[in-house]
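Structure first, commentary second.
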Amino acid sequence: IEWNGASSGWNAQVMFAKNSSWSLFYSSLLDHSCLLLLFWLGLESGSNLSVAFSALSNWEVSNSVLALSSSMLAIEWNEGQSGSDVSLDFRGKTKWSLFDSIIIHHSLPCLLFWSSPYSGNRVRVIFEKESVWSLSNISMKNGSNLLAMEWNGGSSGANAIVSYSSLSSWSLSHAALDVYSPILYLYWRNEHAGANLSVHFDGRVEWFLQEACLTDGASIVAIEWNGPFSGSEARIIFEEPVVWSLNQSTIRDHATLFLLFWFQSYSGSNATITFSQYTTWSLTDSTLDDSSRLLELEWNGGSSGSDVSLSFLQQTAFSLSHAFITGGSSVFAFSWFLSSAFSHGGRFSSPLDDISGRNANLALHPGSSWSVRNSVLSELSYFLVFDWLVESESSSPAQSMAPGVWSVNLPITVDIEGSSIEGKSVLLLLYQPVASLVFTAPSFLFVQNSDVYSSIFEVFVSSVLNKNFAAIQVGDVLVRNSSIHTLLGTMSVMYHTLVRMNLRKLDSENSTISTLCQFSSLIITPTSGEVDNAQAEVQLNVMAVRATNTSIQVAGFRTPLVGVPCSLHINITNLASVDSNVKVVSVDGEGSTNTTLSCVVREGGVQGGQFQALYLSGVKGIFRAENVHVEGSVVSPSLLSAQLYGGNSAMSDMRLTLKINNVVCESCSILQGDGLVQLVGLSMHG
């Protein structure tokens, strides 16, 4: 059905009153072929069209080929101001079944396409009854899709509505998606296209993948804003429970299960993605490889994706079971990426007017959970990553921050059992995207029978010209029969920085924790003017530590070889140790004479094992130990150990004050060559 003249085809009605079946068996659709096509070629043609499938609508492809931009159902607006106020209504049950077939070269079984400016405004696509989408033994590649809506004309497709009123079920079995081929695809190419889109799932949504393979940028759901100022005020709402289940499947080579992508400047602002009921994401006997994701939000255009909100209003469960995450992949990713075209001399000017993803908000329900069981994260892979990168050879990640405050609140439970995090992989990695960061880590973390060779939580705090602030809060941590290199690692460029870290409680048995809280800084040579009046400050507060048959260092700090004053404030209380090897505080100034320590260890009880309260190297300041009772332990290599070194006649003196109040060592041992207190001055001013 074609409207080929200007202002033609208004108020047309197309109705299939009874069951309709559209089937391809051992057939081919090639070179822009189509079973059912509605096409507007004339200016201002085809408005107020109504297309209705009043009963069952069955679409089936078996042992067939769709190639070279072919479709089963296609609705296209190819002329300016055409096809507005169109309604496509599936009033009965809808079934799409594809078996033993090939869909390649931009072929799309169901396509809605706005090609010209100001076309296709106020379009409604409604699935009133259950819709079932099944793919088995299917190969889909080279930009092909199952259901696609594309806005290719400037200011086209405004106020579109896509509504699923009942159950929506999507299943892939022995299916292969390749070369940027999403199943469900919404795409804005030109400026100001697709404003005020509403996608509403009023019924339950199910996605099942069994022995499926997604590769080379393929997706299940992909929503992309590729035109300047396009796709603003989009609303994607899931009113009922959503289930994502992957079994014996593979996602690799930059493929993503659910992708939201802002590519052009000022695109996709004020987008809202809401999961109103419980949501489950499960990965069983499956693999994520080569920079792939389950859920990803990516901002790749200047000032794109501002004020985006992703909300999980009820319990959300992400679970991995016998899963393998590798090659820089992650379960959940927020990515901010700006090319060097936005930078100046390898560093951003300040403030950044074109930063993407401003005021992005992630909201998780307090009852949400992550579960990692019998799984492996390797080769720089993550469960959750917030990544803000600059493409420039001379700039490090997140080298200068935009003004503003960003809050990440994860009031969730994390359970790691029988798993391994290795090869510099991290459970949660966060690059600070704005000048002020407030990060609340999971409220409860349980690690058992697992090995973590890097960090569980890692935060990159960095600034060059801006003053920046980061507050990091970790809740209760329970560790059993496990080995952890670092629980919370924080890395910073030590210029204008204030970092506050709080750990509520650690309870560890039969485990090894190399460092509970680790702070380190990059060694970057400052240029003229960068460190004028600079002051770095780090505050750590650990409120309770209980260690049984555990080897642990509570706090470890490494400060840089730069001429920036750094103040460390450490407060550790309620330390309880039984038959454990405990080092409380270790600070290495690495040759810097500008690190000042203020440290308090109070209210401790140690029984058996080995114990060292303090190890300092090249750090001045004050250390206090109060109300610590050590009984039956080996003091090794010393209870208090400090080395002062560096400095010259032009520098201020290195001074260290030790204050000991009610510290009792009862029935303890000091090995030969060790000492209760060891102080070594290696500087003429020490």
Could you check whether any side-chain heavy atom of I421 comes within less than 4.5 Å of a side-chain heavy atom of L427, counting everything from C-beta outward? yes
Tell me which one of I484, I552, T512 satisfies side chain to side chain contact (heavy atoms under 4.5 Å, CB included) with V479. I484
Aromatic ring pairing Y185/Y187, orientation class (parallel under 30°, perpendicular over 60°, tilted between): parallel
For the residue pair F312 and F332, does the interplanar ring angle fall in the parallel (under 30°), tilted (30 to 60°) or perpendicular (over 60°) class? perpendicular
Separation between CZ (R293) and NE2 (H254), nearest 0.5 Å, reads 7.5 Å
Might you work through the side-chain contact (heavy atoms from CB on, under 4.5 Å) test for L209 and S249, ending with a clear yes or no? CA-CA 7 Å; L209 280 73; S249 296; 3.9 Å; yes
Has the side chain of S144 got a donor or acceptor atom that lies under 3.5 Å from a matching backbone atom of K141? yes
Are S454 and T486 side-chain neighbours, meaning at least one heavy-atom pair lies under 4.5 Å? no
Measure the spacing between CG of N449 and OG of S420 and express it to the nearest 0.5 Å. 12.5 Å
Using a 4.5 Å cut-off on heavy atoms from C-beta on, say whether the side chain of E150 contacts that of N145. yes
Identify the heavy atoms of V426 and L429 that sit nearest to each other, and give their distance. CG1-N, 4.2 Å
Strictly by modelled atom types, are T515 and Q553 linked by a side-chain donor-acceptor pair under 3.5 Å? yes
Can you name the nearest heavy-atom pair linking K424 to L380, along with the distance? O-CD2, 3.5 Å
So, S134 side chain and S97 main chain: donor-acceptor pair closer than 3.5 Å or not? no
For the residue pair F275 and F258, does the interplanar ring angle fall in the parallel (under 30°), tilted (30 to 60°) or perpendicular (over 60°) class? perpendicular
Pair S282, T284: side-chain N/O donor-acceptor within cut-off below 3.5 Å: no
Under the ring-ring contact (aromatic ring centres under 6.0 Å, His included) criterion, do F263 and W299 qualify, and how do the steps go? CA-CA 6 Å; F263 189 75; W299 292 265; over 10 Å; no
Taking atom types as modelled, find out whether E211 and H174 have a side-chain donor-acceptor pair closer than 3.5 angstrom. yes
D253 backbone acceptor or donor facing S292 side chain under 3.5 Å: yes
For R373, does its backbone N or O pair with a side-chain atom of S375 as donor and acceptor, under 3.5 Å? yes
By the definition side chain to side chain contact (heavy atoms under 4.5 Å, CB included), identify the one residue from L320, L257, V372 that meets it with V331. L320
Option among F318, F383, W370 that satisfies the ring pair (Phe, Tyr, Trp, His ring centres under 6.0 Å) test with W281: F318
Stepwise, does the side-chain contact (heavy atoms from CB on, under 4.5 Å) test hold for T256 with L294? CA-CA 5 Å; T256 306; L294 284 190; over 6 Å; no
Pairing of R252 and D216 as salt bridge, 4.0 angstrom limit: no
Hey, is the main chain of L283 close enough, under 3.5 Å, to the side chain of S286 for a donor-acceptor pair? no
Donor-acceptor side-chain pairing of S378 and T326 below 3.5 angstrom: yes
Hey, does L516 have a side-chain heavy atom less than 4.5 Å from the side chain of L488? no
If you apply the rule side-chain hydrogen bond (donor to acceptor under 3.5 Å, both in side chains), what do you find for N481 with Q448, and how did you get there? CA-CA 6 Å; N481 306 306; Q448 59 179 332; over 6 Å; no
Contact check, side chains of L260 and I236, non-hydrogen atoms, under 4.5 Å: yes
Evaluate the side-chain contact (heavy atoms from CB on, under 4.5 Å) criterion for residues L313 and T274: first the C-alpha distance (whole Å), next the side-chain angles of each, then the deciding distance (0.1 Å), finally the verdict. CA-CA 7 Å; L313 303 183; T274 303; 3.7 Å; yes
Hey, does L66 have a side-chain heavy atom less than 4.5 Å from the side chain of I104? no
Does the plane of the ring in F201 sit parallel, tilted or perpendicular to the ring in Y164? Use 30° and 60° as the thresholds. parallel
Is any side-chain heavy atom of D507 closer than 4.5 Å to one of R546? yes
Check the side chains of S319 and S371 for a donor-acceptor pair under 3.5 angstrom, ignoring hydrogens and angles. no
If you define the side chain from C-beta out and look only at heavy atoms, does anything of F439 sit under 4.5 Å from V459? yes
Between the main-chain N or O of D178 and the side-chain N or O of S181, is there a donor-acceptor pair closer than 3.5 Å? yes
To the nearest 0.5 Å, how far apart are CG in L487 and OG in S514? 11.5 Å
Where S276 and Q314 come nearest, the two heavy atoms and their spacing: O-CG, 3.0 Å
With rounding to the nearest 0.5 angstrom, report the CG to NE2 distance, N374 to H322. 4.5 Å
Taking every non-hydrogen atom, the tightest pair across D476 and R504: OD1-NE, 2.8 Å
Interatomic spacing from CD1 in I412 to OG1 in T440 - rounded to 0.5 Å: 11.5 Å
Quick check against the 3.5 Å criterion: does S419 have a side-chain atom that pairs as donor or acceptor with the backbone of V376? no
Rounded to the nearest 0.5 Å, the OG atom of S269 sits from the CH2 atom of W262 at a distance of 10.5 Å
Quick one: do the D285 and Q248 side chains pair a donor with an acceptor below 3.5 Å? no
May I ask you to decide if Q264's main-chain N or O and S267's side chain share a donor-acceptor pair within less than 3.5 Å? yes
If I compare all heavy atoms of V474 with all of A441, which pair ends up nearest, and what's the gap? CG2-CB, 4.0 Å
Apply side-chain contact (heavy atoms from CB on, under 4.5 Å) to I273 and S311, showing your working. CA-CA 6 Å; I273 305 97; S311 301; over 6 Å; no
For Y180, does the OH atom have more than 12 heavy-atom neighbours from other residues, nucleotides or ligands under 6.0 Å away? no
Work out which heavy atom in I138 is nearest to a heavy atom in L98; give both atom names and the distance. CG1-O, 3.4 Å
Does S330 offer a backbone N or O that forms a donor-acceptor pair with the side chain of S381 under 3.5 Å? no
So, are E509 and R480 salt-bridged, with charged N and O less than 4.0 Å apart? yes
Please check if the side chain of S580 supplies one atom and the backbone of N549 the other of a donor-acceptor pair under 3.5 Å. yes
